[in-house]
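Position 1 is the first residue of the sequence, and the numbers go up from there. Remember, it's a predicted structure, so these values are computed and weren't measured experimentally.
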Amino acid sequence: MNAQRGSTDEQTLADLARRLRAVDTGGWSPEGVQAMADGLGWARGGTADHPFLVTGRSAGDARLRPVGRYEERYVHGESYVELAVPVTTAAPDAAAQAAAFRAAREELTEALGRPSVMGSHGEMGPFYDSGAFWGAPFLRWRDSTDTLELRAGKAGPELVLQPTAPAENWFWRQGHGEEHAISGFFGSNRDPANAGLGFPGGWTARSWETVTRSLGDFLGALPAEAVALGVGFGMPFYGRARGSAPLLFDVTCGERLSIGCFTPDGVDAASLGWGTVAEHPGTASVWSDDDPVWRVDAGGPGEPKGRALAEMLVATARAAGVSEPADLILGGEAEYVDGYHVTYYGLGLPTG
C-alpha cells in the first residue's frame, strides 16, 4: 500500500495549518480521507489498523486514527477521528519540549489568530490516549465541523486535524462524577467559534490520597505547561476550618512555580517543609519579603516534585484544621487566565 513519499519541499508550520484548515475531510469517511490525502499531495501508507499519510516532512509522517473500540461510542458515521501531523522533534526534557511547543504556538497564533480553546489533557487524552510525560498542553482552533489542535506529542508538538463532534462528545461524556474521570484543565474564550461548545460536569475528591495524587500531577507539570501555552496562573486556595475559610495557599506559576503559605497560629510551617524568602530568594519577585512568610520556589519546567509538594500542601491543610477535601477550596479568581475561562477538572476540588 506504500507509495512514494510526499513532496520534499517542506512547508512552514503556518502554511501547513492553513492547508489543513481548508481541506475537505468528506465526513471522515474512507473516501473522504482518500480525497483529503490526494488534495494534500500525501500518499497512503501503513495498514488498516495503523494507517498513515506519507508527508515527506522531516518530523515524520501523519498518523490516521481509525475508529476502534475506544472511539466507536462517540462517532456519528466517521471512520476516522483524527489526523496527527508531527510538527518538530525536540530533546526529551521538559524544558526543550515546552520550548518547542511554545515556538509552534507563536507561529500558529500569528497565522491563525488566538486559539478559541486551550488547556491540558492531563494524564488522559481524547479517547483514553496517554499524553506526553512532561505535560499535555493543547490549543484548539475550533470549527463546527472540524477542529485544528496543537497537541503535545511523544517526541514533540503535533498538529492534529479532527472532526469536532467525536472529540467533544468523548470529553462531555467523561463527566460521570467518578474520581479522576477527567484530568488536566480546560479553558475557552468568547470567540464565536465556541458557539455550541459543551462542558462536562466535574468530579469531587473523596479522600486526601486522591487530593494528593491529583494535586501532585497538576503541580508537577504546571511550569512546563504554562511556558508552552504562554500563560500565567494565579491560584488562591482557601481552607475551611472552625467556621471560616481564610486564604491558605497562593499558587503562582509562569516560568517558575512558586507557592506561598498563610498558616494560622499554632501550625509549625517549617517542620512541614516550608521555607522563607532567605531560603527561596527567587520568590522575592512574586511576593514581598514578609508576606507570606512561608513559601517555596518549586522550579521551572520539569523541576517541581509534584508528589512531594502535594503531600506538603495536604499536611499543611490538615494541620490548619481542614478536615476533608471538600473544605479545600480553589478561589474563583483562578478561573480567569489570559482571557480564557478555565475549569480545573483534574483537581477534583470545589471552586468558590
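Using a 30° and 60° split on the angle between ring planes, Trp170 and Tyr128 fall in the perpendicular class, above 60°.
Between the side chains of His180 and Gln174, not a single donor N or O lies within less than 3.5 Å of an accepting N or O. Side-chain contact annotation: Ser214 with Asp217, donor-acceptor N/O pair under 3.5 Å absent. A donor and an acceptor atom, one from each side chain of Thr212 and Glu311, are nowhere located under 3.5 Å apart. Between the side chains of Asp93 and Gln97, no donor N or O sits under 3.5 Å from an acceptor N or O. At a cut-off of 3.5 Å, with distance as the only test, no side-chain donor of Trp294 or Thr276 sits close to an acceptor on the other residue. Side-chain contact check for Trp28 and Asp146: at least one donor-acceptor pair (N or O, by modelled atom type) lies under 3.5 Å. Defined by atom type and a distance below 3.5 Å, a donor-acceptor pair is missing between the side-chain atoms of Ser258 and Thr252.
For the side-chain contact (heavy atoms from CB on, under 4.5 Å) with Glu225, the lone residue among Ser120, Cys253, Pro301 that qualifies is Ser120.
Aromatic ring centres of Phe186 and Phe171: separated by under 6.0 Å. For Phe233 and Phe185, the ring centers are positioned less than 6.0 Å apart.
Stacking of Arg140 on the aromatic ring of Phe138 is recorded, both the 6.0 Å distance cut-off and the 45° axial limit being met.
Counted within 6.0 Å of CD on Glu110, heavy atoms from surrounding residues, nucleotides or ligands total 12 or fewer; the atom is thus considered open. Other residues, nucleotides and ligands contribute over 12 non-hydrogen atoms within 6.0 Å of the CD atom of Glu209.
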